[in-house]
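Down below is the structure, laid out as structure tokens.
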Protein chains: 2
Amino acid sequence: MLGELGEQGADTVSSDELAAATGVNPAKLRKDLSYIGSYGIRGVGYEVSALTHQLERVLGLNHRQAVALVGIGNLGHALAGYGGFDGRGFPVTALFDVDPDLVGIHINGILVQDVAAIPEVCRARDVTIGMITTPGPAAQGVCDLLVEAGVRCILNFAPVVLQVPGEVEVRKVDLAVELQILAFHVARRNLTGGDPESNGHVVNGAGGLKP
Amino acid sequence: MLGELGEQGADTVSSDELAAATGVNPAKLRKDLSYIGSYGIRGVGYEVSALTHQLERVLGLNHRQAVALVGIGNLGHALAGYGGFDGRGFPVTALFDVDPDLVGIHINGILVQDVAAIPEVCRARDVTIGMITTPGPAAQGVCDLLVEAGVRCILNFAPVVLQVPGEVEVRKVDLAVELQILAFHVARRNLTGGDPESNGHVVNGAGGLKP
DNA sequence: GCAACTTTGTGCGTGCCTTCACAAGCGACT
DNA sequence: AGTCGCTTGTGAAGGCACGCACAAAGTTGC
């Protein structure tokens with residue numbers, strides 16, 4: 001996003017502009033930016049190139065991190081072909097599945113290998129991030145393999161809560177839950193004067209239920 | 001998840017068990033459940049079937065909501081074929097794209113139509129939720145069409161911040177940002193004794209930057 | 001050089017969310 | 001029937017994040 005601004009010819013950008021574009025409070029944005037150091041100029045704004053550079057440095061975006069994708073189903077296939085990851089510094093460098101019909105084929109020039117090869121291949125290619133797009137029951141086994149391979153970041157699309165050692169960080173993405181949250185908010189808004197006390201609590205607390 | 005518990009033969013479940021399974025604090029879980037009424041039995045736990053029923057009622061999961069999917073690229077194609085939505089009460093009932101090569105084909109038995117047909121088709125099929133998986137530049141236009149069609153929940157996968165009227169609820173899903181958050185947390189953890197004050201602020205505030 | 005305007009950086013108050021801790025209630029066992 | 005153990009439901013406290021509002025600092029115009 002900052003990159004776009006830079007290409008559009010903007011030399012500097014004010015916190016108000018950035019805040020309006022991202023829908024965040026300007027004060028909060030300035031406070032966040034102040035945590036990484038004072039790189040703004042009072043009366044002018046933030047120099048786009050300097051800000052971009054500093055953010056990349058702090059967020060660790062300056063070195064690319066290899067991603068392994070396990071589970072070449074519908075979703076996995078799409079993510080393997082999604083160009084957005086590589087463009088943001090996360091090249092998908094290894095694909096895995098259990099299906100013998102899938103093992104051996106190439107997607108976007110990347111060979112699909114058997115899950116048994118996860119430890120070896122991930123170590124060889126220095127994979128630091130794993131994405132799990134398998135069906136739920138297979139996810140924990142795959143996760144264990146990734147952890148064994150030294151992967152310490154896992155993005156989990158399977159509808160299960162993964163058990164991992166403390167040093168491993170897991171983020172869960174459940175698209176159906178996203179839809180439920182949306183539907184819940186709108187349903188609540190339709191109730192004229194609905195109890196404002198229970199706003200969001202239920203959604204946060206009971207996420208992941210499956211009728 | 002509760003459904004799985006029920007099938008596994010558990011009649012009742014305690015807040016501690018549920019909390020352990022979901023990784024949430026037990027007290028918070030109980031408080032959340034208390035907001036929808038007291039359906040637990042002290043000394044025993046929560047009756048699984050009753051709790052499931054109540055949660056479905058409160059979360060509005062008892063009536064299915066039709067979903068329209070716009071943008072049949074890699075990701076859109078995968079989501080159109082993803083069975084998880086229909087199983088959770090969100091049947092994908094309409095597909096749209098601008099590409100003439102795609103318009104007319106069927107995915108999972110659903111016809112892909114031109115985006116110009118969005119207002120008419122969405123109204124006819126009573127679509128309440130829209131999912132946008134178009135490239136960034138096309139997203140706002142598609143969004144406007146959906147809003148015009150009366151859609152009030154939008155799940156946005158495009159890397160832009162959508163401008164919508166107040167009554168429309170938008171949720172943004174950016175998978176690259178998820179990876180960045182993961183990478184950031186692990187990078188921070190590697191810094192021995194890194195400044196604990198700046199924990200997460202930067203990630204929340206500056207989400208969506210693109211180098 | 002001075003005044004007026006802009007924009008950053010931040011101290012402080014407010015309100016929400018989380019979590020601890022405990023009373024109330026229910027079942028089992030004697 | 002009474003007691004003991006277990007679990008829910010909730011009051012209260014603590015912490016955290018958000019956002020207002022203002023001082024500091026820089027730029028522009030005269």
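The structure displayed is predicted, hence computed values, not measured ones. Each chain gets a letter, A, B and so on, in the order the sequences are listed, and its residues count up from 1.
- The phosphate of C/dT7 has neither OP1 nor OP2 within less than 4.0 Å of any side-chain N or O from A/Ser15.
- As a whole-Å value, the separation of B/Leu29 CG from C/dC20 P is 14 Å.
- As a whole-Å value, the separation of B/Asp32 CG from D/dT10 P is 13 Å.
- With hydrogens and angles disregarded, a donor-acceptor distance shorter than 3.5 Å links the side chain of B/Arg125 to the backbone of B/Thr93.
- For the residue pair B/Gln65/B/Thr128, the side-chain donor-acceptor check at 3.5 Å is satisfied.
- Distance CD (B/Glu17) to P (D/dT7): 8 Å, rounded to an integer number of Å.
- No N or O donor and acceptor, one from the side chain of B/Lys31 and one from the base of C/dT18, sit under 3.5 Å apart.
- Between C/dT18 and B/Lys28, a contact under 4.0 Å exists linking OP1 or OP2 to a side-chain N or O.
- For B/Tyr46, a side-chain nitrogen or oxygen approaches OP1 or OP2 of D/dG9 to under 4.0 Å.
- Remark: C1' of C/dT8 and CG of A/Leu18 are 13 Å apart, rounded to the nearest angstrom.
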A correct 5'-to-3' footprint of nucleotides 21-30 of chain D, with B, S and - meaning base, sugar-phosphate only and no protein heavy atom under 4.0 Å, is B--BBSS---
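- In this structure, the separation between OG1 on A/Thr134 and CD on A/Gln140 is 10.0 Å, given to the nearest 0.5 Å.
- For the atom pair CZ (A/Arg88) and CG (B/Leu175), the distance works out to 9.5 Å, reported to the nearest 0.5 Å.
- Atom CD1 of B/Ile36 and atom C1' of D/dT8 are 14 Å apart (whole Å).
- In this view, A/Asp144 satisfies the salt bridge (charged side-chain N to carboxylate O under 4.0 Å, His left out) rule with no residue, not counting sequence neighbours.
- Looking at B/Asp126 and B/Arg64, no side-chain N of the basic residue comes within less than 4.0 Å of a carboxylate O on the acidic one, giving no salt bridge.
- Distance, B/Asn25 CG to D/dT8 P: 13 Å, rounded to whole Å.
- In this structure, CG of A/Leu33 is placed 14 Å from C1' of C/dT10, rounded to the nearest angstrom.
- For the pair B/Gln54 CD and D/dT8 C1', the interatomic distance rounds to 16 Å; values are reported in whole Å.
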Practice task
Would you check, one step at a time, whether the test salt bridge (Lys or Arg N to Asp or Glu O under 4.0 Å) holds for A/Lys172 with A/Asp174?
Solution key: CA-CA 6 Å; A/Lys172 187 163 179 293; A/Asp174 189 328; 3.6 Å; yes
